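Notes to accompany the following structure.
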Amino acid sequence: MTKETTMSDEIISAEAEQKQLDDIFSQRKAKAEELRAAGIAPYGVFVDNIIPTTEARAKYVPDVENTELVTVAGRIMTFRVMGKATFLHIKDQHGSLQLYAQRDLLGEEEYRRFKRLDPGDLIAASGHMFVTKTGEITLKMHSYTMLSKSLRPLPEKFHGLTDMEQRYRQRYLDLIMNDESRSLFFKRIQIIREIRNFLESRGFMEVETPMLQYIPGGAAATPFKTHYNALDCDMYMRIAPELYLKRLLVGGFEKVYELNRNFRNEGIDRRHNPEFTMIEIYQAFGNCETMMELIESMVTTIAQKVFGTLQIKLPGDKVINLERPWRRAPYRDLVRERTGRQDWFELPREEKYKLAKELGAQVMPDWTDLEITHEIYEKLIEHTLIQPTFVTRLPAELVPLAKKCADDPKSVDVYELEINGQEISPGYSELNDPIDQRKRFMEQVTLSGKDPAQAVDEDFLTALEYGMPPAGGMGIGVDRLVMLLTGTESIRDVVLFPQLKPRQN
RNA sequence: GGGCUGGUAGCUCAGUCGGUAGAGCAUCGCCCUUUUAAGGCGGGUGUCCAGGGUUCGAGUCCCUGCCAGCUCACCA
């Protein structure tokens with residue numbers, strides 16, 4: 001408090017005094033000062049031997065007098081003063097527990113102070129366990145310790161916090177008030193842990209590669225641009241780790257993955273957050289087939305360990321069955337099936353255009369064969385692939401960085417894993433021909449009109465020229481995998497702090 | 001970027017035909033020693049998202065903007 005008080009301030013404050021006293025924030029600050037005045041620290045006291053509320057509850061032994069001293073700590077969620085006794089619930093990370101305070105146990109002065117606590121305050125309490133008339137296991141308090149005075153009122157106890165914007169902007173409030181939200185994030189954490197456990201058990205090594213890159217490669221997305229002062233040059237947040245992970249394959253690392261953030265300077269919506277968690281996995285001497293086996297095994301293992309089932313219930317009574325083996329369907333077969341024409345790929349462009357329109361695809365007159373076909377795939381087929389499906393053997397033009405199928409140069413040896421009508425993961429037999437790779441980079445440069453020095457990662461090409469082993473590679477959008485496994489409809493609900501526009505005051 | 005919906009007390013919400021803003025929870029005072037959305041009595045609480053306009057008068061009607069949610073488009 002460095003602000004000087006002037007005469008006019010005092011006159012104003014005299015008027016504002018009553019209002020100030022009524023203000024919850026001011027009232028609680030005053031309560032914190034009361035505690036200080038009584039020699040009690042309102043913040044930051046260490047308490048030993050705290051156990052989770054769940055363990056405390058388990059300590060209760062029926063039909064005997066429970067004498068063991070138990071200490072718990074948490075945030076006061078409800079507070080019911082009934083004269084000389086008070087019931088309250090506290091919540092910790094593990095759950096909540098009812099506490100019971102009596103004047104006769106705490107002592108008159110201490111109990112009077114206790115009644116001045118508020119919902120939102122953090123306390124530790126020691127006592128023994130008992131069960132109330134209504135059958136709730138409760139801690140009868142012998143003593144308590146103030147841990148943190150809350151100066152702001154919590155959201156309403158019954159309805160909680162429902163305003164989506166506030167839940168995202170003040171996630172801590174969402175986590176305090178909404179158990180479903182909290183357990184969803186615990187699920188996310190478990191899923192990520194099981195991904196790591198699984199890959200560890202398969203002999204993969206987790207690596208970290210640059211997030212700040214001079215040439216943002218490995219995907220065709222708009223990057224975030226930044227500036228490195230020490231070197232006075234522009235840099236970019238990575239859009240993918242792919243090109244660095246492949247350098248590691250050249251370097252002799254055979255099974256590597258990176259599970260971390262990518263940044264893409266694109267729109268925000270229900271499925272997109274500008275920073276998102278991606279896993280990329282590469283296995284030397286593997287191929288697309290290796291990757292299909294890997295992801296199938298990985299996702300089913302995770303589902304089993306985290307959810308204990310392979311049947312995922314989604315909103316709208318949909319059930320995804322993850323039991324193996326998952327369906328494999330060549331792209332061309334799906335198109336032939338949907339169009340009802342075995343000779344679809346032999347038809348002239350005009351015929352395709354006409355048929356596509358009849359089927360309800362919004363195709364443009366100037367589109368190529370490939371564009372028409374792919375529109376049918378994306379708009380008429382993809383969303384129908386509810387159960388896990390590997391779509392294989394895509395047209396080569398669609399996937400420039402994959403190997404061609406040995407038996408068909410028009411197709412590439414890749415999969416796209418579709419679950420619930422959405423692409424969950426692409427996997428490739430990775431291109432390791434440095435001459436071909438250079439050619440494809442140059443084609444991209446021509447298409448985008450960028451400066452080759454800014455768009456072609458020469459160092460990566462140099463690495464390939466030393467020889468990269470043939471490899472299988474795959475990526476998974478981790479946020480979307482979590483959404484799928486938890487039946488969540490918005491990426492913002494599985495990201496702790498989703499990006500929102502800054503509030504302007 | 002387009003369309004739709006919303007923004008009122010700390011939170012959840014109501015607000016009629018345009019007449020100067022309400023409830024519950026929270027909070028403050030009093031009562032209450034097994035309550036649990038505790039209960040009873042009493043009190044205080046507002047930048048009605050922002051800025052314009054219409055009007056004697058706007059939370060309400062009109063315009064513009066901001067923020068959010070949904071949706072469409074875009075997006076390797």
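Please read these numbers as outputs of a predicted model, since none were measured by experiment. What you see below is based on every heavy atom in this structure, not just the backbone, and it leaves out hydrogens, waters and symmetry mates. In the text below, chain A, chain B and the rest are named by the order of the sequence lines, each starting its count at 1.
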**Request:** Scan side-chain atoms only and decide if A:Ser181 and A:Asn178 contain a donor-acceptor pair under the 3.5 Å cut-off.
**Result:** no
**Asked** At under 4.0 Å, does any side-chain N or O of A:Gln166 touch on OP1 or OP2 of B:C11?
**Response** yes
**Message:** Please determine whether the number of non-hydrogen atoms from other residues, nucleotides or ligands lying under 6.0 Å from atom CZ of A:Arg182 exceeds 12.
**Reply:** yes
**Request:** Return the value, rounded to whole Å, for the distance between atom CE of A:Met77 and atom C1' of B:A37.
**Result:** 13 Å
**Row check, A:Tyr415 ring normal vs A:Arg328 NZ/CZ: under 6.0 Å, within 45°** = no
**Prompt:** How long is the line joining CD of A:Glu489 and P of B:C70, in whole Å?
**Reply:** 9 Å
**Message:** Any base atoms under 4.0 Å from A:Arg169, or only sugar-phosphate, or nothing? Heavy atoms, all strands.
**Reply:** sugar-phosphate
**Prompt:** B:U33 base to A:Gln102 side chain: any donor-acceptor pair below 3.5 Å?
**Reply:** yes
**Message:** Any base atoms under 4.0 Å from A:Pro426, or only sugar-phosphate, or nothing? Heavy atoms, all strands.
**Reply:** nothing
**Message:** Tell me which nucleotide, if any, is Watson-Crick or G-U wobble paired with B:G57 when both distances must be under 3.5 Å.
**Reply:** none
**Whole angstrom value for the distance that separates C1' of B:G29 from NZ of A:Lys115** = 12 Å
**Prompt:** Of all the choices, B:C75, B:C11, B:U33, which nucleotide is nearest to the side chain of A:Asp104 once you look at every atom?
**Reply:** B:U33
**Asked** So what does A:Arg152 hit on the nucleic acid, given a heavy-atom distance under 4.0 Å: a base, only sugar-phosphate, or nothing?
**Response** nothing
**Prompt:** What is the distance, rounded to the nearest whole Å, between atom CD of A:Gln499 and atom P of B:G69?
**Reply:** 12 Å
**Prompt:** So what does A:Arg270 touch, heavy atoms closer than 4.0 Å: a base, only the sugar-phosphate, or nothing?
**Reply:** sugar-phosphate
**Item:** Partner nucleotide, any strand, of B:G10 [Watson-Crick/G-U, under 3.5 Å]
**Value:** B:C25
**Message:** Should the side chain of A:Gln98 and the base of B:U35 be counted as holding a donor-acceptor pair, with the cut-off at 3.5 Å?
**Reply:** yes
**Message:** For a quick check of understanding: with a heavy-atom distance under 4.0 Å over all strands, which category does A:Val399 fall into, base, sugar-phosphate or nothing?
**Reply:** nothing
**Request:** Ignoring the backbone of A:Thr132, work out which of B:A26, B:C32, B:U34 is nearest its side chain.
**Result:** B:U34
**Message:** Let's see if you can work this out: which of B:C67, B:A76, B:U34 has an atom nearest to the side-chain heavy atoms of A:Lys501?
**Reply:** B:C67
**Asked** Atom CZ of A:Phe114 and atom P of B:U33: how far apart are they, to the nearest Å?
**Response** 16 Å
**Prompt:** Whom does B:G69 pair with, Watson-Crick or G-U wobble, provided both distances fall under 3.5 Å?
**Reply:** B:C4
**Prompt:** Think A:Arg188 forms a cation-pi with A:Phe185, using NZ or CZ under 6.0 Å from the six-ring centre and within 45 degrees of its axis?
**Reply:** no
**Prompt:** Say you pick atom C1' in B:C13 and the same atom in B:U8; how far apart are they, in whole Å?
**Reply:** 9 Å
**Fill in**
Residue pair A:Thr78/A:Gly218 against RNA chain B: nearer the 5' end by closest nucleotide is A:Thr78
**Complete:** Whole-Å distance, A:Glu165 CD to B:A68 C1', equals 5 Å
**Prompt:** Between B:C17 and B:A58, how far is it from one C1' atom to the other, in whole Å?
**Reply:** 14 Å
**Request:** Check whether the side chain of A:Thr162 and the base of B:U12 form a donor-acceptor pair under 3.5 Å.
**Result:** no
**Asked** For A:Leu154, which contact category applies under a 4.0 Å heavy-atom criterion: base, sugar-phosphate, or nothing?
**Response** nothing
**Row check, A:Tyr100 ring normal vs A:Lys140 NZ/CZ: under 6.0 Å, within 45°** = no
**Prompt:** Hey, are A:Glu33 and A:Lys29 close enough for a salt bridge, meaning a charged N less than 4.0 Å from a carboxylate O?
**Reply:** no
**Nearest-angstrom distance, C1' atom, B:G18 to B:C48** = 15 Å
**Message:** Between B:C13 and A:His159, counting only base atoms on the nucleotide and side-chain atoms on the residue, is there a donor-acceptor pair under 3.5 Å?
**Reply:** no
**Asked** Under 4.0 Å: is that the gap between some side-chain N or O of A:Arg167 and OP1 or OP2 of B:G69?
**Response** no
**Request:** Give the nucleotide from the list B:C28, B:U35, B:U34 with an atom nearest to the side chain of A:Asp118.
**Result:** B:C28
**Request:** Round to the nearest Å and state the distance from A:Arg116 atom CZ to B:C30 atom P.
**Result:** 9 Å
**Message:** Tell me whether the rings of A:His374 and A:Tyr331 are parallel (<30°), tilted (30 to 60°) or perpendicular (>60°).
**Reply:** parallel
**Message:** Mind checking if A:Lys31 touches a base, just sugar-phosphate, or nothing, with heavy atoms under 4.0 Å?
**Reply:** sugar-phosphate
**Prompt:** Given that A:Leu161 and A:Lys133 both sit by RNA chain B, which one's nearest nucleotide is further toward the 5' end?
**Reply:** A:Leu161
**Request:** Rounded to the nearest angstrom, tell me the gap between atom NE2 in A:His374 and atom P in B:C75.
**Result:** 11 Å
**Prompt:** For A:Arg440 and B:A76, is the shortest distance between a side-chain N/O and OP1 or OP2 below 4.0 Å?
**Reply:** no
**Message:** Would you call the rings of A:Tyr144 and A:Phe114 parallel, tilted or perpendicular, taking 30° and 60° as the class edges?
**Reply:** perpendicular
**Prompt:** Nearest of B:U34, B:C74, B:C70 to any side-chain atom of A:Arg492?
**Reply:** B:C70
**Prompt:** Which part of the nucleic acid, if any, lies within contact of A:Tyr168, taking any heavy atom under 4.0 Å across all strands shown: a base, the sugar-phosphate backbone alone, or nothing?
**Reply:** sugar-phosphate
